[in-house]
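Throughout, a chain's letter reflects where its sequence line sits, starting with A, and its residues are numbered from 1. Only heavy atoms go into these numbers, but all of them, side chains included; no hydrogens, no water, no symmetry mates.
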Amino acid sequence: MSLVIENLTAQIPDRQILNGLNLTINPGEVHAIMGPNGSGKSTLSKVLSGHSDYEVTAGTVTLDGQNILDLEVDARARTGLFLAFQYPHEIPGVSNANFLRAALKARLPEGEDIDAVAFYKQLYTRMDQLEMDRSFTGRSVNEGFSGGEKKRNEILQLMMLEPKYAILDETDSGLDIDALKVVARGVNAMRSESRGFLLITHYQRLLDYIQPDIVHVLMDGQIVLTGGKDLALKLEEKGYDWVKDEVLATA
Amino acid sequence: MVTALDNDITDIKADNIGDFTFPERNKFDAGFGVSPRTVDYISDVKNDPDWIREFRHKALEIFNSKPMPTHWATKDLDNIHFEEFRYYLSDGQKPKRSWDEVPEDVKRTFERLGIPEQERKFLAGVEAQYDSEAAYSNVKKVLEDQGVIFVNSTEGLHKYPEIFRPWFGKVIPTSDNKFSALNSAVFSGGSFIYVPKGVKVSHPLQAYFRINSEQFGQFERTLIIADEGSEIMYMEGCTAPKFETSTLHSAVVELVAMKGAKIQYVTVQNWSSNVFNLVTKRGIAHEDAEVRWIDCNIGSRLTMKYPGVIMKGKRARGEVISIALANSGQHQDTGAKMIHLADDTTSNVVWKSISIGEGRSTYRGQVHIPKHLKGCKNNTECDALLINSSSRTDTYPAISVKGNKHATQHEASVSQVSEDQIFYLMQRGLTEAEAMSLSVNGFINDLVKEFPMEYSVELKRLIDLEMEGSVG
Ligand SMILES: Nc1ncnc2c1ncn2[C@@H]1O[C@H](COP(=O)(O)OP(=O)(O)OP(=O)(O)O)[C@@H](O)[C@H]1O
Ligand SMILES: [Mg+2]
């Protein structure tokens, strides 16, 4: 029972971006991925989610034993994979509450509907945890939200949808220091023995608030280095050139 | 020219409302094509007063003399062969079908839209009558107490000629266009409403309340007069697909809002894709009056409909809120006509269209503000959403604003639901069709709010249905 990525190779027309990537996330674990701009971090998250821009040319991905590469985007999501986007999309005219209801309803058998009272109770509890104003339920999804509000809204969705595996793509970028703490608290509240996380970040600071179990370095579409929390500190101090030297030395 | 409403119409007594009895119907139809004989036939069957008979004959001449407007409208109009239609069917000649004969997909759509059992039968053409007496009786009592007249147009012209006649054919002259002329020659069915001074009708009035087989007829004629300071909302149609046997529909609707009055006319129509729906709708707003058209057009082979408001008195307001949904094989050619004839008049047009598959939507607008006026305002917004790459939209705004003492604003946009938006929604677990219909519902959400609650719920379901077939 894990999210297992083996030799994942993916490309856009005439360019390979993921070059045989290996990564296993067990329930209960928090993994962090760091890596230079353009190294393929967001691509990894989108390939896992099934974005049609990318063609998988080799490798496998299984979620608790199920091969998800053959599934459509929505089916992957319903098996328990969640992606907090680096750039969350705006959906004009669709209220946050209706959006979440639709997403939850999509997980129910055909013809069943969610209990509205319980839904709002849960929604308000989660919003309170994220210190989000109630007015956000009625506002269109992400429309006119500030950068930080969008990120918070991604975490709200995570909390409502309760996935088995959550990928957070640079959720910390654009958050002020107080917001970072609030969001981290939200994520920590969702940490559990049955849930795995993959945090994509550029800043070790996030990892002060959400303590990772394992830290990876992604370069040129591959995981090149894996370590504990101190790896993030070392990266912060020494930069990615150090990783290159390190990788060359061990090669 | 517009004639003033006679003052003594307010003396109409409420107690003789509703006891009108229809003359025994002739069991034969008028045959195919439209000729003076057809017109006489209809006048005979309907026991028309002479002035109506003359009105019809004159209209027929005008109809015959007018060319098809294919110099600006779609050439598809040339496929209408007037000689192939029947222009009047008495009840005995209406094609009857049993519920078993109604196609499965139509039944399924009724089911999905949650249309009540009895309405389904009516809409499917199984029953000629929609019995809503129970639902209507309370409303009817309230209306009677307030002196509101709400009858079908035939009854209106027979019983209330002193109110009916001064306005009938005055907002939309017979010669307005080829189809208004056709309607004027052969009209039957439709509503006549008169709201006395100062009366605010709290319930929206629905054609359903007194529906009969003529109500959804091919050539309806509706006239609504709201006397000074009164208010009324009228609703027609429903989101369920009308199961059509006749393919040419041409209605005329005239609204008169006297000083300070307010009329809202809500239409939701879902035609099957063999129907030509060529409608003329216009209202006059006198001083401080307001006319609002809230219009949703779904389906049909071709709909041509440009609700208009003539702002005749100072500070009058006109508004058109319009939603068009065109799927493959369908063309929605809709828009608005705003004629400013007094100072400080304000008009607003918000039009949104959704084209699915090879569906085509066209906005055609006209805003007219003459030079001698001042302080007029118009706002026009047109937003088109294309679902597939083969969908199509065009806009033809004609804004003739003379003089510089006015404020006009026109915005238009064409957009597509982006792939990234669909990806985002699907990543949250929604199927592609659900993602699409949520996006489309979002697109028209601000306009749907203008519709009465039951319509907006139905509209949402309908869009879900339309989207199911459009993706994958
Ligand atoms: N759909 C696409 N079309 C073209 N190029 C793409 C596409 N997706 C990714 N790329 C390219 O692949 C490389 C990896 O992009 P990706 O967004 O995964 O980087 P990243 O590691 O997330 O970077 P950052 O830290 O800046 O967010 C980049 O060079 C990017 O331009
Ligand atoms: Mg990225």
Side-chain angles (χ1 to χ4, degrees), chain A residues 42 45-54 71-96 98-108 110-111 114 138-143 150 153-154 156-158 160-163 166-167 169, chain B residues 108 111-114 321 323 325 350 352-354 381 383-385 387 389 411 413-451 456-457 459-461 463-465 467-468 471-472:
Chain A
S42 293
S45 70
K46 286 189 213 162
V47 170
L48 292 177
S49 308
H51 198 292
S52 60
D53 278 358
Y54 308 95
L71 299 181
E72 291 294 325
V73 179
D74 55 317
R76 293 187 199 196
R78 291 193 300 268
T79 61
L81 184 70
F82 180 91
L83 169 59
F85 285 75
Q86 182 173 3
Y87 303 109
H89 213 280
E90 298 185 359
I91 305 166
V94 178
S95 75
N96 240 344
N98 280 346
F99 172 46
L100 282 167
R101 279 181 74 151
L104 284 167
K105 193 176 168 207
R107 287 159 169 77
L108 297 177
E110 172 93 39
I114 59 166
R139 285 177 63 179
S140 294
V141 180
N142 295 329
E143 198 180 37
K150 283 183 184 169
N153 205 32
E154 292 293 286
L156 176 65
Q157 292 171 36
L158 186 160
M160 292 299 290
L161 299 178
E162 302 180 343
I167 307 168
D169 192 357
Chain B
R108 230 177 357 255
E111 188 93 21
R112 296 287 299 273
L113 289 174
I321 304 282
I323 300 175
L325 184 75
V350 187
K352 290 196 176 186
S353 74
I354 301 143
E381 292 167 44
D383 297 309
L385 186 69
I387 301 300
S389 55
E411 283 172 31
S413 77
V414 179
S415 53
Q416 262 186 304
V417 179
S418 75
E419 279 182 36
D420 277 336
Q421 178 159 329
I422 296 301
F423 178 65
Y424 186 76
L425 292 167
M426 288 178 75
Q427 209 299 309
R428 297 306 184 243
L430 278 69
T431 64
E432 190 177 0
E434 287 165 348
M436 198 53 108
S437 74
L438 200 64
S439 301
V440 170
N441 275 299
F443 172 71
I444 53 170
N445 185 43
D446 53 337
L447 300 194
V448 171
K449 284 182 189 147
E450 300 291 333
F451 287 82
S456 50
V457 173
L459 267 178
K460 197 198 152 297
R461 290 204 200 111
I463 286 167
D464 291 347
L465 281 178
M467 288 304 135
E468 269 174 23
V471 299

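The most heavy-atom pairs under 4.5 Å with chain B, out of A:L161, A:V73, A:V94, come from A:V73.
Only the backbone of B:F443 comes within contact range of chain A, with heavy atoms under 4.5 Å apart. Heavy-atom distances place no part of A:R76 under 4.5 Å from chain B, backbone and side chain included. Only the side chain of A:S52 comes within less than 4.5 Å of a heavy atom of chain B; its backbone N, CA, C and O stay farther away. With a threshold of 4.5 angstrom between heavy atoms, B:D446 does not approach chain A through any atom at all. There is no contact between A:P163 and chain B, counting heavy-atom distances below 4.5 Å. Both the backbone and the side chain of B:Q421 come within less than 4.5 Å of a heavy atom of chain A.
Closest heavy-atom contact between B:L430 and A:D74: O-CB, 3.0 Å. A:Q86 and A:S42 get closest at one heavy-atom pair: OE1-OG, 2.7 Å. Residue A:A106 comes nearest to A:R78 through the heavy atom pair O-CD, 3.2 Å, listed as atom of the first residue, atom of the second, then distance.
Environment of CD in B:E419: sparse, with no more than 12 heavy atoms of neighbouring residues, nucleotides or ligands closer than 6.0 Å.
For A:D169 and A:K46, the salt-bridge test fails: no basic side-chain N is under 4.0 Å from an acidic carboxylate O.
A side-chain donor-acceptor contact under 3.5 Å links A:E154 to the backbone of A:F85.
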